[in-house]
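Shown next, in C-alpha cells, is the structure this report addresses.
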Amino acid sequence: MVLPVVAGVDGSDSSLRAVDWAADAAVRHEAPLRVLCATGPALGTPVPELRENAERIRDLALEHARKRVPSVEVTGEIVPENAAGALLSAGRNAFALVVGSRGRGGVTGMLLGSVGLAVAGRADCPVVVVRGEPDSGTEPVVLGVQDEDAEEATGRAPGIEDTAEGRSAAEFAFREAQRRGCELIALHAWRTSGGGEPDSGGPEEGDVAEQGRARAEKVIDEAVGPARERYPDVVVRRRATAGPARQALLNAAREASLLVVGAHARHGHFGLQLGLVNHAVLHHSPCPVAVVPQA
C-alpha cells in the first residue's frame with residue numbers, strides 16, 4: 001500500500017499553493033493525493049451551510065489538482081471536526097501532510113497559520129508548510145543537522161537520527177533530493193563563546209575556529225552517513241557555520257527548494273519538541289519547510 005500525500009485546504013490561495021506542492025510531491029513519489037477539508041466547529045453557522053461551503057472548497061481543490069497532475073489518483077474528503085484534529089488523524093496513514101503558511105479561517109475553521117504550527121508539533125508523519133514562491137524544483141534541499149548531545153535550547157539546528165521506518169529528517173531529505181535530482185546541503189551551525197563567527201586574527205582564535213569547524217563536520221558526517229549509503233547518487237555538500245542556527249538555516253533557505261528539519265519526541269508529553277529554531281523557520285523561511293518527526 002502506497003501512503004498518500006495529504007493536502008489540507010480551506011479555500012485560501014495559500015492552501016491552493018499547498019495543493020500544488022502536494023500534487024508535485026505525489027508525482028515525484030508515485031503516490032496518490034488526498035485533499036482534505038475540515039468543516040470544524042463554527043458557532044451560529046447552520047450545518048448545511050458548513051457542508052455546502054466545504055464541498056465547494058473541496059471540489060475547487062480537486063479540479064485544481066487534477067488539472068496540474070492528471071496522471072495522479074486524486075481524492076477528496078470532508079471531515080466534520082476541527083482542522084488540526086482532522087489532519088492529525090489523516091497523518092497516521094500518510095506519506096506527508098501539506099498545509100499553507102496562512103489560511104482564511106471562517107466557517108471551515110481551517111486557519112492554517114495556527115493549524116500548521118499545531119500539526120507540525122504533533123503529527124506522526126512529516127509536515128510540509130508551504131512558504132515562499134514556487135520553485136523550479138532544481139534548487140538544493142537543505143537539511144538542518146544538530147549535535148545529538150546538544151539541546152535545542154542552545155539555539156542549534158534541529159536534530160537528525162536514522163530510523164528503521166525511514167521517517168527521519170535525513171531519510172526524508174535524501175529521498176526528496178534524489179527524486180528532484182538536486183543537491184543536498186547538510187548544515188550544522190556551531191556556537192562560539194561569543195555567539196557569532198570567531199575572530200581568526202590570532203593563532204589561538206584560529207585554532208578554536210578550526211576545532212569548532214572540524215567538530216561540526218564530524219557531526220554532519222555522522223548524521224547523514226546511513227542515509228548517504230542508501231542514496232549514493234545524491235550529491236551532498238557539507239556546510240559548517242559558526243553562529244545562531246536559525247539565521248544559518250534561514251540564509252541557506254534563500255537558495256533552497258525545501259528546508260528539512262527534525263523534531264524530537266517530548267518525554268512525558270503528547271507531541272514533539274519543535275523548539276525555538278523550528279518555530280523561527282516555520283514563521284520566516286523563504287521556502288517550504290518540512291518538519292520530520294523522529295521515531
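Computed from a predicted model, the values in this text were never measured in an experiment.
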Atom pair [atom1]/[atom2] of [X] and [Y] - distance to nearest 0.5 Å:
| X | Y | atom1 | atom2 | value |
| --- | --- | --- | --- | --- |
| Asn82 | Thr39 | CG | OG1 | 9.5 Å |
| Ile57 | Ser15 | CD1 | OG | 7.5 Å |
| His284 | His279 | NE2 | NE2 | 11.5 Å |
| Asn53 | Cys37 | CG | SG | 7.5 Å |
| Glu55 | Ile78 | CD | CD1 | 4.5 Å |
| Ile185 | Leu143 | CD1 | CG | 10.5 Å |

| said: Show every ring-ring contact (aromatic ring centres under 6.0 Å, His included) that has at least one partner inside residues 221-260, sequence neighbours left out. | reply: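 Found none.
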Next item on the list: Determine which pairs satisfy ring-ring contact (aromatic ring centres under 6.0 Å, His included) with at least one residue from residues 47-66, sequence neighbours left out, and list them in order.
Entry: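 Those involving residues 47-66 do not exist here.
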Is the closest side-chain heavy-atom distance between [X] and [Y] below 4.5 Å?
| X | Y | answer |
| --- | --- | --- |
| Leu16 | Val9 | no |
| Glu139 | Cys182 | no |
| Leu97 | Cys125 | yes |
| Val128 | Val289 | no |

Using the test side chain to side chain contact (heavy atoms under 4.5 Å, CB included), find all partners of Ala253 that sit at least two apart in sequence or belong to another chain.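 Once residues adjacent in sequence are excluded, the partners of Ala253 under the side chain to side chain contact (heavy atoms under 4.5 Å, CB included) criterion are Leu259, Ser285, Pro286, Cys287.
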- request: Return the set of residues passing side chain to side chain contact (heavy atoms under 4.5 Å, CB included) with Ala186 (not counting sequence neighbours), or none when no residue passes.
  value: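 Ala186 satisfies side chain to side chain contact (heavy atoms under 4.5 Å, CB included) with Val145, Leu184, Ile220, Val224, Val236 once adjacent residues are dropped.
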| Aromatic Trp21 / basic Arg28 pairing, under 6.0 angstrom, 45° off normal |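 Yes, Arg28 lies over the aromatic ring of Trp21.
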With side chain to side chain donor-acceptor pair (under 3.5 Å) as the test, would you mind laying out the steps for Gln247 and Asn251 before giving the verdict?
-> CA-CA 6 Å; Gln247 193 57 55; Asn251 289 341; 2.9 Å; yes
Would you find a donor on one side and an acceptor on the other, under 3.5 Å apart, between the side chain of Arg34 and the backbone of Gly76?
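No, because the side chain of Arg34 does not come within donor-acceptor range (under 3.5 Å) of the backbone of Gly76.
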Margin query: Restricting to side chain to side chain donor-acceptor pair (under 3.5 Å), what partner residues turn up for Arg180, sequence neighbours left out?
Written below: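 Expected list: Glu176, Ser257.
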Is it true that [X] and [Y] have a side-chain N and a carboxylate O under 4.0 angstrom from each other?
| X | Y | result |
| --- | --- | --- |
| Arg238 | Glu222 | no |
| Glu217 | Arg213 | no |
| Arg58 | Glu77 | no |

Q. Phe174 and Arg228: side chain to side chain contact (heavy atoms under 4.5 Å, CB included), yes or no, with the steps?
A. CA-CA 7 Å; Phe174 269 81; Arg228 196 171 193 173; 4.0 Å; yes
| said: Going by the rule ring-ring contact (aromatic ring centres under 6.0 Å, His included), which residues pair with His29 if we only count those two or more places apart in sequence or in a different chain? | reply: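 If we apply the ring-ring contact (aromatic ring centres under 6.0 Å, His included) test to His29, skipping adjacent residues, the hits are Phe95.
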